[in-house]
Amino acid sequence: MFQHTALRYTALILLAAGAFAQAVTAGYFGLEVLTEILLLAMLVLALDMVAGFGGMVSLCHGALMGLGAYAYAILTTKAGIAPPVAMAGAIAITGVAAWVIGAIGARSHGIYFIMATLAFGQMAYSYVFEAPLFGGDDGMGGIPRLDLTLIGLDLNDSRSFALFCLLLLAASYGAAVLILRSGLGRSLIGVMHNEQRMRALGLTVWRIKADVFGLSGMIAGLAGALAAQHVMYISPGPLAWTVSGEALVVVILGGLGTLVGPMIGAAAFVVLKHEVSNVTSYWHLVVGVLLIAVVMSRANGLFGWIEARWGARLERRLSDLTRKSDAEEVPTDA
Amino acid sequence: EEVKVGLLLPFSGVYAALGNDIEAGFELALEEYGSETEATFSLMREDTEVKPPVALAKAKKLILQDKVDVMAGIVSSGVLGAVRDLIDGAGVPLIVANAGNDEATGAHCSPFITRMSFSNGQVNRPMGTWLFDQGITKVFTLAPDYAAGRQMIDGFTETFTAAGGEIVGQEFTPFQKTQDFGPFLAKAKASGAEAVYVFYAGGEAISFVKQYDSFGLKADLPLFGSGFLTSPLYVNAEGPAAEGVITALHYVPTIDNPENAAFVSAFLQKTGRIPSEYAVQGFDAARALIEATKTGASDRDSLANALRQVHFDGPRGTLSIDPATNNIVQPIYVYETVPGEFGLSQKVLAELPASADPLNGCAMAPVSN
Amino acid sequence: MLDLQSVASGYGETQVLHGLSLRAEQGRVLAILGRNGAGKSTTLKTIMGLLPTREGEIAFDGQKMGRTPYEIARMGIAYVPETRDIFPSLTVRENLEITAKRFGTKDSDWTMERVLDLFPRLGERMENGGTQLSGGEQQMLAIARALLMNPRLLILDEPTEGLAPIIVKLIHDKLLELKHQGLSMILVEQNFGFATSLADDVVVVSKGQAVWTGSAEEIRADEAAQHNWLGV
Amino acid sequence: MSLDPGFWALQTLNALQLSMLLFLLSIGLTVIFGLMHFVNLAHGSLYALGAYVAAAAATVGGYWTGFFLAPVAVAGLGILLYSGLIRRMRKSGPMAQVLVTFGLIFALLDLTRIVWGDIALAIELPALLDGRVSVFGIGYPVYRLFIIALGLAIFTALAMVLKRTQIGAMIRAGVDNDAMAACLGINVERLFFIVFCVGCALAGLAGAVAAPLLSVTPDMGLQILIPTLIVIVIGGLGSLQGAIAGSLIFGFVQTFGAVLAPQLASVLIYALLAAVLVIRPMGLFPAKG
Amino acid sequence: MLETRNLDKSFGAVHVTRDVSLKLERGERRVILGPNGAGKTTLFNLLVGELTPDSGAVLLAGEDVTALPVAKRARRGLSRSYQKNTLFDGLTVEENLGLAAAVHTGSATRLWGDSLATPEVREIVEEVAEQVRLMPYLHAKVSEVSYGVRRQLEVGVALATRPLVLLMDEPTSGVGPEMAKGFHELLNDLPRDLTLLIIEHDMDLAFDVADTITVLNYGEVVFDGLPDAARGSKLLKEIYLGSWEDA
Ligand SMILES: Nc1ncnc2c1ncn2[C@@H]1O[C@H](COP(=O)(O)OP(=O)(O)OP(=O)(O)O)[C@@H](O)[C@H]1O
Ligand SMILES: Nc1ncnc2c1ncn2[C@@H]1O[C@H](COP(=O)(O)OP(=O)(O)OP(=O)(O)O)[C@@H](O)[C@H]1O
Ligand SMILES: [Mg+2]
Ligand SMILES: [Mg+2]
């Protein structure tokens, strides 16, 4: 089951504080980068849920995010539905689509599952790319942002929008943690460890997989609906498999199955990309070599490496501290 | 007065070669004509990576943070679509140096967006009538299945059928997923057409032209198309397979006028390359900016207004902006690819007169003053 | 023939063997006994080079033991692991041929025919996938595969686990036959009777150390040792 | 639609030609991927590299120089990759492998850009292959027939090696359980090294073969990767029959899809992939086990 | 309680079970004997639904379940342990048991709250841990405990679904004599109303635990009767028993 260790809490607090500070102080470009990070973090969070805890390595999460974006775009611009309803609709549509993909792919494992998800993602990509209704590869613009002036937030301002995304990322993280700690999440982990035995115990395995995939899809859909609002324009590009591939890279780079790690990975990846592409147009080379180096270090991504190095030590120090400060308090079980 | 110019171009990804040519052209124009105006220019380059969200972030940076007075560049129509609302809303003039989607100067036009390159329909429209005048009545068309592909072919079809020609078959091939054009070529061959008219660009153009030739179709089924098919940037990779292919484009390096001769030699000296249509688009984008500053414009509003009225003689001939759409008005050149001194060369067969694009749904405030 | 001098070994951070020494003699059968988890299989894996020797020395015929399982196998040691490790992608025939063709010659002791004589059941399943066999059949296949290497030393980890009594008897008889032909063997067994009836020498392992060494007769007579170390 | 038999014969040849090109590529990938359980996403980049080497060598020494040099050069890179990266990554699980080879894709992509630039390269055919022969009265390029023949020849050669010799069984055993295979005296390390190099050489060969047909661009590797993966997943990992069956299915679906239902052409193959995985989750001819 | 009618299964040309008809009463403890490859494990797979028979039927508590998938049969009270450990290796012993109990109590699919923290699950885990003597190992990871403990857990996980019928495939294979004895006691301590079907090669255990004995040979039931009759059976001696000690 997903556990919050002292290190994970520390990382979360640092992340949240860093993001908040950036949201408050950054210039325009910094805010764009921050929002990009937050949305990528949401996507990789969704991906880590299924890949890290269910062994369902998906190469269609980019497409799911794109689906959420298109759903939101079409619902608002073509169907004239109010943005909040459209957002809920986009999340629901993406969730259903993901549920179906999860259900169909439930029988496949490993690379076959990867390819099955790739197939669905590419189908969506090809369809959208060529469909004149959705603007084809030229995309479609004029997508409105949510109107939150009622609560005093003007989302057309980059700063407010970044804060809004940060808030929703926090909510998504909370949802992901709750799901992973629920019966469903436990069962998912059981399935990842031994699917045959779970079935023999009486669990309808495909349902579990589909349900979690659907829930993960909803988070991806939310990320998509936000991305559509962020850019206020949507094109098929983000549906392409390479986007899913990059998301997967970020998850693994950050630390598969740690939830926190992939979010750190998202920040590292986006910042790195921007920094390097400022210096050279060959940023692929730099990122590629760096990726190889990280993996060759044999850790479970950046965060896994940190956990392996400092996790236990920090845990000990913190528990020492708490024991000293409030000795009489009953320790909660881990 | 210093004018801050933001260059928004792809320097990595599939269109990096285009971005480099446009940038070189842009710089060349500033070097050659910069002295004609009082204004001085400072350039800021940002790489779009051909990704709309990235481009949008970079555009925001240029507009809001660097506070540029004018922007230029944009290769892909998708990127243009992504930044369009921002630019329109912020009121920063943008000189489009490539992206050719018809909507940019049609339904989605903006007083702040001026296009110095071309529109998809514009390049192909004159070819319909011209081809019919050459006595060809039945044509098979092929293009990649994406918006630009459809707009290019539609431009041609419109005038060709209006002139009395017949489209006997029309195929759109999966974009960037078609490695093998064999199946489509066999279909074209079986269609009973007298000629084939296509739009392909980049890697697809190379594969297409080579495969067309390898099937030996050129003899009985001459190949025509939008000039990007045999653009100087790619034609040497196509090799002899491109010989005899007749296409139309708004620029080829062999256009015979003094401005072009000077431009070609200057560009050759600067980069060691023969300029492509992309280079000239960059060159003319900078020329347009210089012309606009000559009127005294230096801030966003005045520049936008001035850009809508520029006209000058350049390597492509006489250019002007149609203030109704902000699209360029320019002649189109029909040319044949022929063997030349240094590899393949372009023999201009005809210069088709300039005409303004239809409004395409563009409704825009007229130019002020 | 095989000499372990205070060997230490284990898995990752956990050390299992703590200075274990034992000696297998040419032409004799050594039984390694001990409770579950005593480190018997770990000893065999260390001998085979599947686990690194962290301390101590292993020598085969007076030579320092090879480093990798490949080199060790080439020295003439065949190994039947407790997990049997039949190759699932290979048919029964291929599982056998993979050693038969590479180690066997026409006049080797062990040929396909002889092995199939020994385990006729395998002959009936030649084209089946390796892991489609029943547990017992897989055990036979693993032994057969090892024999086809025509080894000088045969190492068996719990060869009777999961076998029907009649097969246990069969294997007992066949191993006895091999012993009489002079094949050196190391045998890890839970089945005390089986082991002591086959073995010449016995080592009892507990907590990663050799705690009792002697002959098979001695351990059969030593009820205290049996009770202490084996829980018989 | 034309009912002329010549038209269909031509399309069949087109389908075969595409199939064989994909086969050349996918067989290398399936060998590495299916037999070593190594997820080498960079296979497409090796193919692109093969094409570049072939194009570069061809300008110096003509087509055949490139044709023979490309597999050798790419295999050479394979040696470097294997000893530097792959050997250490072999047991790290698919995730790490995906990541490392993804990194390789990035790195190789930019390396080709740095060395050869962004502009497409071309390669000329030798006179021997540069003609047409008449098929049902229609001229069909000799080079395409050459690709078909080459694909079939490689298929036969590999089938012989894998079926008739121990090597196939040894590789499969090593894949199933390399520790046990080593205990049976198989030099697993060397075996895998050879397999990897052969896979790389085949990717290089595919690149050299594709170069004259297509354009040689930095992203050609990425473009071909997905079709190749589809081929081996439809066919089933690790098996020669799977690679050939997958290639044929892909080639024919793609070609006849383009002819009969062009609007669906780009979605068709993905729909087929999804359908195959629903009905046969392990592909059509998975390696045993 | 559990009944099979004329079960037949072939793999290609290999006929693995032939016309197997068995009937277990509630609370009956039956041991299946048979030489290696006789089809015992295959029969288990047919019973729980991991394989479908070519012909014949499986009845659980009087209802035909032949068409039901594995999970549904399990939820109706059919549980099994495996000949080769099939555990959740990365998890703790407690979690292994808990996952099974959660499926049984229905908390395994809920979206809210930890399924292992419910009182019902905790109770089952504790009970089962007691029954299969796993109390000392509850917090150890499966990969850290010895093989014998894993064998116990293998049975424990099957028990934690609170089955009506428990199928055990060679529960004592690979464990030492001492532990085998422990197993022996453990089996005797199981509630009497639990129906047991056990595959076993350990004769002492088999004859001691069994109410009835079935012998399979080449997929066919060649003996079906009381232990005493089995002990005396000449056929059984011929195809199965024998002993190296007689040599
Ligand atoms: N892969 C492993 N990782 C960590 N510890 C292990 C591993 N395999 C075995 N162990 C531990 O090493 C110790 C010795 O195990 P070993 O398998 O050698 O015992 P054994 O004497 O062969 O017992 P058995 O009779 O049950 O096979 C045990 O405590 C076991 O838990
Ligand atoms: N999937 C399969 N494909 C082909 N044959 C199989 C398959 N599964 C089992 N068999 C064959 O069926 C026969 C019975 O196997 P099973 O595992 O049921 O035996 P068993 O009685 O459990 O033996 P043991 O006591 O050795 O475990 C064996 O000969 C085996 O080879
Ligand atoms: Mg052992
Ligand atoms: Mg069995």
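Computed over heavy atoms, backbone and side chain alike; hydrogens, waters and symmetry mates excluded. Sequence lines set the chain letters: A, B, ... in the order given, protein chains first and strands last, and positions in each chain run from 1.
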Is the number of heavy atoms from other residues, nucleotides or ligands under 6.0 Å of C/R114 CZ greater than 12? yes
Roughly how far apart are D/N177 CG and C/S89 OG, rounded to 0.5 Å? 10.5 Å
Walk me through whether D/M180 and C/F87 qualify under side chain to side chain contact (heavy atoms under 4.5 Å, CB included). CA-CA 9 Å; D/M180 191 60 220; C/F87 301 115; 4.1 Å; yes
Residue part contacting chain D, namely of C/L50, when any heavy atom lies under 4.5 Å: side chain
Do the side chain of C/R102 and the main chain of D/G185 share a donor and acceptor less than 3.5 angstrom apart? yes
When heavy-atom pairs shorter than 4.5 Å are enumerated against chain C, which of D/A169, D/A182, D/A181 gives the highest number? D/A182
Nearest 0.5 Å, what's the CZ-CG distance between C/R145 and D/L184? 5.0 Å
CG/C/D85 to SG/D/C183 distance, rounded to the nearest 0.5 angstrom? 8.5 Å
Please evaluate residues C/E94 and D/Q166 with respect to the criterion side chain to side chain contact (heavy atoms under 4.5 Å, CB included), reporting the C-alpha separation (whole Å), side-chain torsions for both, the decisive distance (0.1 Å), and the verdict. CA-CA 9 Å; C/E94 286 171 325; D/Q166 277 285 154; over 6 Å; no
Audit row: D/E189, C/T68, side chain to side chain contact (heavy atoms under 4.5 Å, CB included) steps and yes/no: CA-CA 11 Å; D/E189 281 305 322; C/T68 63; over 6 Å; no
How about residues 23-32 of chain C versus chain D: which residues have heavy atoms under 4.5 Å apart? none
